[in-house]
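Worksheet for the structure shown next.
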Amino acid sequence: MPDELTVYASKPYSYARWVEEDLNGERQPGATGFHKTPRPEQVDAANAIATAFHHGKRGFLLADEPGVGKTGSAIIGAKAALKLGGGDTVLITVDRPAQITIAAWRDALAAFGDGGFRWLIISPDQLKKLLGRNGQPKYSFSLIINDEAQQFRHLNAQRTQYQRRINRLSASPEKAPFVITVTATPGHHPGEYTYLSSLFAQLHDDPPGEWADLGKKLVEHGLPLAPGWDNGKWDWNDQAKGSQRLQHQAVTRVRKWMTESDPPVMMHRDAPWGPPPIDGLPLDFTATQWAAYHQDWSEFRSAMRIARQGNDTARGRAALMRFRQKAGMLRAPQTAELVAAHVERGYQVLVAVELVTTAADPVANLLEEHGIGVSRIFGGGDLETERIRFQRGHNPVVVFNTASAINLQASELMVDGSRASSARRIGFFHQPRYSGIAARQTMGRAHRDGQVCSWSLLFAAGTVEEHAAQIMIDRLMLTSTSVDGDLGAFGNLARLFDADWLPESIFE
């Protein structure tokens, strides 16, 4: 290839490389990089995966805490299973943003070795390319790794429909690929574990089709679920909605189906360096801020110079979102001031947001106005370059809305063998999130691989944000229980919201 065209060359393990190799009938070299030696816990996980494969199980759920090393464990376990089973092709599905997550898995394969097998790393937006015109898979993969599998929990989502066909979830175990499911946050309730439906069917000696409607089958097994607001979705029934204890009992029961199987088809390990410390920082609005918070949306938008977008009404759910937008934007100066103070103390700071126009942009702009460099991992642009600038310490702050599959930890081992900056990380949730999955994943971006990153949850007291914060903590607790994770880190937040249903042991 001429030098001027090398920028367009396909990269190892990409879909373009896969097609190119098929057309040319010739395999090309895989990625190379600095070698990583697996940690003992990664070897243990790989052995558990290989054991499940050897005993004819159709899959394995790897649910270690964020940062424990699930990526390396999955790669080593996949290679071990392939050596046992004789296959040679692996599909890895990743989460968004693809320009970061695909590169991260490619670097991991370079670090741990691809074993000479043929690997394809693909984003959820590319899954349709793996299906033929008849809607059936064009390729038969020996093994599949679904990273951040919680993205496939909604049956009506197009990416979920594609994933189910590619994973051949309706086929019997002997006709389906072995699937390594990778996620620390399986879902907010067992009815969302849809990507595990065929594995549950096997554990109960049922045909896969009987578990295709997972929520219905779980109700038959006595779980407190009911049809959700959207067709195909399930939620807690009225009794369980009012009882955290019922919810915890239900997720514990489903977890034990997997952990008490012979051999187990699930593994979870808490981070050896402990859970991420997290506390709450409520803010009292001034009279001026309260007036703006209660201002009509159109007047607020005009005063704050927010561009009108699409259906800009403020009724029902939209009104709830508008109040969240207002609160986040009104608090931006306080968050920027807090972040700047920690930068002065030598920290590199993570600011997690959910909304862009009324949260990410204002906070980032205010910090840059004070001469503080900010990596923006939201919206468009070269997100991997932004990440590297933060990791190298060129920008002391990162504002991001990507909850999973990126690494922002101190002293990260890079693919070239160098290290990220060693400056201590500290994180702030500028906005509470209704999703416990997103919250737990977000904290794992820097609290990983032995590096501790403490977090603070910011919210305006007495506003819709306080309710969102309480929901976030409740769901954080539940997602931890679903994998038997450590609940101790949430004690301070539980006290803040008077969560008297919690076991006394977590306060000890």
Side-chain angles (χ1 to χ4, degrees), residues 41-42 44-78 80-81 90-95 143-154 160 163-164 166-169 173 176-204 206 208 211 214 217-218 221 223 250-271 404-405 436-437 440-441 444 478-486:
E41 59 266 25
Q42 291 176 309
D44 290 344
N47 285 333
I49 291 169
T51 300
F53 175 86
H54 179 67
H55 283 79
K57 303 301 183 184
R58 67 181 300 151
F60 189 92
L61 171 59
L62 183 58
D64 286 342
E65 201 70 18
V68 173
K70 293 189 294 296
T71 299
S73 298
I75 290 172
I76 303 164
V90 186
L91 170 67
I92 302 173
T93 65
V94 300
D95 199 2
L143 187 146
I144 294 176
I145 299 174
N146 291 141
D147 188 29
E148 304 300 351
Q150 72 278 353
Q151 66 180 309
F152 300 118
R153 67 189 186 274
H154 298 310
T160 301
Q163 179 257 8
R164 293 181 70 84
I166 293 164
N167 284 20
R168 302 180 188 270
L169 294 189
F178 184 79
V179 178
I180 302 174
T181 299
V182 181
T183 177
T185 51
H188 291 118
H189 57 77
E192 291 187 341
Y193 305 172
T194 54
Y195 48 88
L196 296 173
S197 63
S198 294
L199 180 59
F200 291 153
Q202 184 186 37
L203 295 177
H204 287 84
D206 291 332
W211 288 75
L214 180 61
K217 195 66 179 179
L218 291 174
H221 279 263
L223 268 72
V251 296
T252 300
R253 182 181 175 192
V254 174
R255 183 186 73 240
K256 288 183 176 180
W257 289 348
M258 295 180 280
T259 57
E260 295 180 358
S261 167
D262 184 21
V265 293
M266 174 186 171
M267 173 176 279
H268 166 84
R269 277 84 55 87
D270 289 319
S404 62
I437 293 173
R440 193 155 174 258
Q441 291 281 355
L478 196 63
T479 56
S480 290
T481 302
S482 68
V483 296
D484 199 22
D486 187 349

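Taking the side-chain hydrogen bond (donor to acceptor under 3.5 Å, both in side chains) definition, one finds that Thr71 meets it with nothing, sequence neighbours left out. Among residues two or more places apart in sequence or in another chain, the salt bridge (charged side-chain N to carboxylate O under 4.0 Å, His left out) test is passed with Glu41 by Arg39. Listed by chain and residue number, Trp257 satisfy the ring pair (Phe, Tyr, Trp, His ring centres under 6.0 Å) test with Phe200 (two or more places apart in sequence, or in another chain). Take Ser404 and apply the side chain to side chain contact (heavy atoms under 4.5 Å, CB included) test, not counting sequence neighbours, and it matches Asp95, Glu148, Gln441. Evaluation of the side-chain hydrogen bond (donor to acceptor under 3.5 Å, both in side chains) rule for His268 yields Asp270 as partners, not counting sequence neighbours. By the salt bridge (charged side-chain N to carboxylate O under 4.0 Å, His left out) test, Glu192 pairs with Arg153, sequence neighbours left out. Listed by chain and residue number, Asn146 satisfy the side-chain hydrogen bond (donor to acceptor under 3.5 Å, both in side chains) test with Thr93 (two or more places apart in sequence, or in another chain). Scanning for salt bridge (charged side-chain N to carboxylate O under 4.0 Å, His left out) contacts around Arg255 gives Asp484, with sequence neighbours left out. With sequence neighbours excluded, the residues forming a side-chain hydrogen bond (donor to acceptor under 3.5 Å, both in side chains) with Asp206 are Trp211, listed by chain and number.
Put simply, the side chain of Thr183 reaches to within 4.5 Å of the side chain of Tyr195, judged on heavy atoms. Side-chain contact check for Asp486 versus Ser480: every heavy-atom pair is 4.5 Å or farther apart.
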Which atom pairs, one a donor and one an acceptor, fall under 3.5 Å between side chains of residues 46-55 and the rest of the protein, sequence neighbours left out?
| residue | atom | partner | partner atom | Å |
| --- | --- | --- | --- | --- |
| Asn47 | ND2 | Val43 | O | 3.4 |
| Thr51 | OG1 | Asn47 | O | 2.7 |
| His55 | ND1 | Thr51 | O | 3.0 |

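Identified under the salt bridge (Lys or Arg N to Asp or Glu O under 4.0 Å) test for residues 53-78, with sequence neighbours left out: Asp64-Arg269, Glu65-Arg440.
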